[in-house]
Amino acid sequence: MRGSAAMKILIVEDEVKTGDYLRQGLREAGFVVDLARDGVDGLHLALDGDYHLIVLDVTLPSLDGWGVLQTLRHSGRETPVLFLTARDQVEDRVRGLELGADDYLVKPFAFSEFLARVRTLLRRGRSQEPEVLRSSNLELDLLRRRVIRSGQRIDLTAKEFALLELLLRRQGEVLPRSLIASQVWDMNFDSDTNVIEVAVRRLRAKVDEPFEPKLIRTVRGMGYVLEALPPARG
Ligand code: CA
């Protein structure tokens, strides 16, 4: 099932190009994304799925965004909702916020602004969680999506970031490959754990090998553990 490593977002958008574009952008930013193309499908997914955020277009076939939002809130779901409207009209904004939306964006918008809103809403929803995960001189900043070791910025791919986030969140615990597979790749690997070995090797080469102390350990026959050490400066 869903773990904490990847945040799950539902997009409900009938415009094919916009929906595909937002989905791809969010995936590249490291999120797990589902896309519904009309209001009825969107509502079903929203009620069944375990989403951290819903991006909801207002003008939709079969059931519009207001209907989706209203039904969702009446069912008691508090999932944060960012609604997209094509018109910058006060009534629309007021209506959306009254129905229980958390924020809105007026089309057209820049992807960078969209992503910033998404992150703010996700952060608000998890305000009790730390924004920076640390062990020794390694730190991972969840909000700014960056990793720093001994003061040096390290560039990671979205998967490497998710993997490191998982290891840091559960530091000190031996994580079996199957758990890493399900939480970072959203897949079950029955036998082929090579994907994970390769990813861990690449992650180590970037965040561990050039530095001291070594933090990521292989536990033979079991999995991987990131050592839990007190934060260090420098
Ligand atoms: Ca639309």
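Remember, it's 1-based here, ligands and their atoms both numbered in the order they're listed.
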ask   = Can Glu160 and Arg202 be counted as an ion pair, charged N to O under 4.0 angstrom?
value = no
inquiry  = Starting from Val106, can I reach Ile54 by hopping between I/L/V/M/F/W/Y residues whose side chains sit under 4.5 Å apart?
reply    = yes
query = So, Ser135 side chain and Glu227 main chain: donor-acceptor pair closer than 3.5 Å or not?
reply = yes
request  = Measuring from the Ca ion (ligand 1), name the closest N, O or S atom belonging to Asp57.
outcome  = OD2
query = Restricting to N, O or S atoms of Asp14, which is nearest to the Ca ion (ligand 1)?
reply = OD1
request  = Report the relative orientation of the aromatic rings in Trp66 and Phe83; use parallel for angles under 30°, tilted for 30 to 60°, perpendicular for over 60°.
outcome  = perpendicular
Contact check: Glu13 to the Ca ion (ligand 1), N/O/S below 3.0 Å = no
ask   = From Thr59, does some N, O or S atom reach closer than 3.0 Å to the Ca ion (ligand 1)?
value = yes
